[in-house]
Every structure is written in C-alpha cells, then in structure tokens.
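Reviewing the structure listed below.
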Amino acid sequence: MEYRTLGKTGLRISRMGFGGIPIQRIDENGTKVLIEKMAEAGVNYIDTARGYTVSEQYIGCGLEGLRDKFVLATKSMARTKEAMAADIETSLKNLRTDYIDLYQVHNPSMEQLAQLTGEGGALEALEEAKKAGKIGHIGLTAHSAAVFEKALEMDWVETVMFPYNIVENQGEELIRRCAEKNVGFIAMKPLAGGAIEDASLALRYVCSNPDVTVVIPGMAELSELQNNLAACETDASLSEEEKGQLEEVRKRLGTDFCRRCNYCAPCTVGIDIPSVFLFAGYLQRYNLAEWGKSRYSTLKVKASACIECGECETRCPYHLPIREKLKQCAKDMGE
C-alpha cells in the first residue's frame, strides 16, 4: 500500500481510503469485518459523516480495538456554532472515540460559507474542539467548483474533498492548486456514484493524478474491498488502450451524467437541478432509497415543479436531456 501525507495536516494515510456511504446497506457485523480486513491490508483512512444515517455508529463498532490503526474523518452539515458543537459530541459518541483526526464542513454553499465563518458560526465550534483535542484538523467538502476555489483562499481549510472521476474532472486545476498550497485533496465519487461500471479503470484513472492525496471508494462488501485494493495497488500509469477506454466511458456517459457545474442555473422555477440529480442518484445507483429521499426532501423546489421550458438545456455544456431526467427523478423520488 502506498502512503501519502495529507497536506498540512501531516497525517500519513493510505492512497486508498474507505468511503462510508454504502455501509448503510449492511450492518455492524459486516462493517466490523470490512474494517478488520482493511487494517490487514494497510488501508488506514476512513471517511464518514453525520448525515450518513447509521454509518458513524457502524464504523464506531468496527473500530473497537483497532482505533489506533486508522485516521478517522467525519463531517457535519451544521452551520452554527451551537449545532456544530453538538454534532462533534454526537460523532465522538457514535464513533466510540475521544478524538477525530479530521472534521469537515459538509458541502456548504457560498452563502453558507459566509455564515459558518462569521460570528457564532460553525468554525468557532471546530476551532474550540481542536484546541480541546477533540478533533485534530479541519477540512471542507464541496460539490461546487466555486466553493472549492473559495476554500483554497481560507487558511483554516487543511483538506478539501471534491468529486473527481473519469467524467467529472472539472476540478483538475483546483486539485493542482491544492498540491501547490499543501492542502490535502480527497477524491470522492471515483466511480461517479456508481455510474462507471469498470471500477478498476476508474480508480486507476484517479490514482494516475499525482495531486490526489487519497481516493475513497464506497464499499460494503469484501469483494469490493479486494477489487479496489487490486486497482489501487497496481501501477497507475495508463496504457494507450486504457486511455481509449476512458474516452469510451466519457462518450457513453456524456449525454447522461450531471457534472454539477451549475451552468444550467438559474432554473425558471427555482429547481436546484444538480442537487436533484445528486440525491436521486443515491436511490438510482446506490440503492439507498430512504437516505436519498430524506436528503431530497430538504429541497425547497422538487423535480415535479419543472415546467419544461428547456432554458436549462440551452446552457448545459454537456447537452444533457435535463427535462427528461427531471421527470424520471420526480417519478423515482415520489414528487
């Protein structure tokens, strides 16, 4: 297993980590087995979140007796000091630990960035928890390139997590800047939320970028762990044949995959189109219906509100059939 330093945190972590979303499909026992096998294989980075329903609890169970073998990261969508302080305590309890190596602000908007860094904002709680030794380092996750770019201007951001895969490479320049600024870069959604079927090719593509510190594929089964390890422990350089396969994947998904670039905005009726596709994807690709629907329910305007004006499609650089996709999302999500 290759190890990297996670930017200015100084933490030494395995090039492949563990993404904690899919374990919502299994149980504590299955998670414990996975974590034990990861420890044996040298995987030492685990990522979860307060929002991933039972994920923190399952991982906490699995870490008993093994906590010192892992760098542990979680995240919260809290934006105020009070809410963030409460979430940190809940995470510590769920994960059965007295410290968390990396605590991340989970997917803030530009407006929320201003809120959480202002007076009474979540950053105050994170910094107090850091001083108290409850958390080691502070990071940020994003789906928006604008938020990613802004995060690189903020000295308190020690790591950034952002989607990066064969079809979502809009952040490549910002990933390079992470390396220049010694900010650890965590690549999420390496399989594009399950849309890319060839996991080995997808992971090798991500690992071929030297500016990626760690890639965190989601796993719920031992076979997935074994296959992902094989891909990440292989020489990441891609052959000409494999580069051709990359282009085939891009062509196939190019007319059916949202990169969350947000060029489609503003929607005439206020639908947050990238978020609709993101949340529906948890049902459509991860088979996490309950969690996907719970996140979808937080949207003020649902997919069913689409009036089919088509304005979004004229702005989409990938020529997605957005109106048809919104119809499918409305059907799958029930509104």
ask   = Quick one: CG on L320 to SG on C258, what's the gap to the nearest 0.5 Å?
value = 6.5 Å
request  = First locate atom CG of D87, then atom CD of E82, and finally report the distance between them rounded to the nearest 0.5 Å.
outcome  = 11.0 Å
Sub-4.5 Å side-chain heavy-atom contact between F277 and I322 = yes
query = Applying the 4.5 Å side-chain criterion to the ILVMFWY set and letting contacts propagate, would V71 and L95 be lumped into a single cluster?
reply = no
ask   = Under 3.5 Å, is there a donor-acceptor pair linking the side chains of S14 and N44?
value = yes
query = Backbone N or O of K189 within a donor-acceptor pair of the N165 side chain at under 3.5 Å?
reply = yes
request  = Check the pair Y282, N287 against side-chain contact (heavy atoms from CB on, under 4.5 Å), reporting the backbone distance first and the verdict last.
outcome  = CA-CA 6 Å; Y282 289 120; N287 197 29; over 6 Å; no
inquiry  = Would you say D47 and Q104 are linked by a side-chain donor-acceptor pair, where the criterion is simply a distance under 3.5 Å?
reply    = yes
inquiry  = Could you check whether K81 pairs with E128 (Lys NZ or Arg NE/NH1/NH2 to Asp/Glu carboxylate O, under 4.0 Å)?
reply    = yes
ask   = Between the side chain of E324 and the main-chain N/O of P321, is any donor-acceptor distance below 3.5 Å?
value = no
ask   = Should L63 and I26 be regarded as members of a common hydrophobic cluster, given that ILVMFWY residues are connected when their side-chain heavy atoms come within less than 4.5 Å of each other, either directly or indirectly?
value = yes
inquiry  = Can you give me the closest heavy-atom contact between V206 and A187, atom names plus distance?
reply    = CG1-CB, 3.8 Å
query = Between R250 and E247, does at least one N-O distance fall below 4.0 Å, as a salt bridge requires?
reply = yes
request  = Check whether more than 12 heavy atoms from other residues, nucleotides or ligands sit under 6.0 Å from atom CD of E119, and answer yes or no.
outcome  = no
request  = May I ask you to decide whether K150 forms a salt bridge with E153, counting only side-chain N to carboxylate O separations under 4.0 Å?
outcome  = yes
task = Please round to the nearest 0.5 Å and tell me the distance separating atom SG of C316 and atom NZ of K325.
result = 10.0 Å
task = Mind running salt bridge (Lys or Arg N to Asp or Glu O under 4.0 Å) on E158 and K130 for me, showing each step along the way?
result = CA-CA 13 Å; E158 298 177 79; K130 188 174 180 180; 3.1 Å; yes
Pair E308 + K327, salt bridge at N-O below 4.0 Å = yes
query = At their closest point, which heavy atom of S55 faces which heavy atom of T48, and how far apart are they?
reply = OG-OG1, 2.7 Å
request  = Locate the shortest heavy-atom distance separating E335 from S304; write the atom from each residue and the value.
outcome  = C-OG, 3.2 Å
query = Would you say the side chains of T74 and Y103 form a donor-acceptor pair under 3.5 Å?
reply = no
note = Applied to residues 8-19, the salt bridge (Lys or Arg N to Asp or Glu O under 4.0 Å) test, sequence neighbours excluded, yields E2-R15
request  = Kindly give the heavy-atom pair with the smallest separation between C232 and V215, and that separation in Å.
outcome  = SG-CG1, 4.1 Å
query = Under a 4.5 Å cut-off applied to non-hydrogen side-chain atoms, are N227 and S200 in contact?
reply = no
Nearest-0.5 Å distance, CG of residue L238 to CG of residue L246 = 5.5 Å
request  = I would like to know whether L299 and S275 meet side-chain contact (heavy atoms from CB on, under 4.5 Å); could you show each step before the answer?
outcome  = CA-CA 8 Å; L299 298 176; S275 291; 3.9 Å; yes
request  = Establish, yes or no, whether the cationic atom of K293 lies under 6.0 Å from the six-membered ring centre of F279 and within 45° of the ring axis.
outcome  = no
ask   = T213 and side chain to side chain contact (heavy atoms under 4.5 Å, CB included): which partner among I13, V183, I186?
value = I13
request  = Taking all heavy atoms of C178 and all of L152, pick out the closest pair and write down the distance.
outcome  = SG-CD2, 3.7 Å
key: Sole candidate of R50, R96, K93 that passes salt bridge (charged side-chain N to carboxylate O under 4.0 Å, His left out) when paired with E56   = R50
request  = Can you establish whether the number of heavy atoms outside K302 located under 6.0 Å from its atom NZ is more than 12?
outcome  = yes
inquiry  = Apply side-chain contact (heavy atoms from CB on, under 4.5 Å) to residues I271 and V276 and explain how you reach the verdict.
reply    = CA-CA 8 Å; I271 300 170; V276 167; 3.8 Å; yes
Heavy-atom side-chain proximity of T80 to Q115 below 4.5 angstrom = yes
ask   = When you check the gap from the basic side-chain N to the acidic O, do R67 and D101 get nearer than 4.0 Å?
value = yes
inquiry  = Under a 3.5 Å cutoff, is there a donor and acceptor pairing between the side chains of R79 and Q112?
reply    = yes
query = Do Y164 and E172 have a side chain donor and acceptor closer than 3.5 Å?
reply = yes
note = Taking every heavy atom of I273 against every heavy atom of C267, the minimum-distance pair comes out as CD1-CB, 4.4 Å
Side chains of F148 and L140 in contact at under 4.5 Å (non-hydrogen atoms) = no
key: Gap between atom CZ of F18 and atom CD1 of I216 - 0.5 Å precision   = 10.0 Å
remark   = One should read off an interatomic distance between K32 NZ and N29 CG, to the nearest 0.5 angstrom, of 8.5 Å
Within 6.0 angstrom of E290 CD, more than 12 heavy atoms from elsewhere = no
task = Report the C-alpha separation of T31 and C61 in whole Å, then their side-chain angles, then the decisive distance to 0.1 Å, and conclude whether the side-chain contact (heavy atoms from CB on, under 4.5 Å) test is met.
result = CA-CA 8 Å; T31 305; C61 174; over 6 Å; no
ask   = Can you get from M333 to L278 by hopping between Ile, Leu, Val, Met, Phe, Trp and Tyr side chains that sit under 4.5 Å apart?
value = yes
request  = Inspect the surroundings of CD in E180 and state if more than 12 heavy atoms from other residues, nucleotides or ligands are less than 6.0 Å away.
outcome  = yes
message = Within the 4.5 Å heavy-atom criterion, are L229 and M38 side-chain neighbours or not?
response = no
Neighbour count >12 (heavy atoms, 6.0 Å) for atom CG, D68 = yes
message = Whether the side chain of W291 engages the backbone of G51 through a donor-acceptor N/O pair (distance < 3.5 Å, no angle test) should be reported.
response = yes
key: Enclosure of D27 CG (heavy-atom neighbours >12, cutoff 6.0 Å)   = yes
query = Does any N or O in the side chain of E149 come within less than 3.5 Å of the main-chain N or O of A145, such that one atom is a donor and the other an acceptor?
reply = no
key: Aromatic ring pairing Y52/H106, orientation class (parallel under 30°, perpendicular over 60°, tilted between)   = perpendicular
request  = Verify the cluster assignment for Y99 and L126: are they in a single hydrophobic cluster under the rule of side-chain heavy atoms below 4.5 Å apart?
outcome  = no
task = Kindly indicate whether the side chain of I135, heavy atoms from C-beta on, has any atom under 4.5 Å from the side chain of L102.
result = no
ask   = If you measure only the distance, is there a donor-acceptor pair under 3.5 Å linking the side chains of Q328 and D332?
value = yes
key: Heavy-atom side-chain proximity of V269 to C306 below 4.5 angstrom   = no
ask   = Looking just at side-chain N and O atoms, do Q24 and T53 make a donor-acceptor pair shorter than 3.5 Å?
value = yes
message = So F162 and E168, do their side chains get closer than 4.5 Å, heavy atoms only?
response = no
task = Group every Ile, Leu, Val, Met, Phe, Trp and Tyr by side-chain heavy-atom contacts under 4.5 Å, then state whether M1 and L11 land in the same group.
result = no
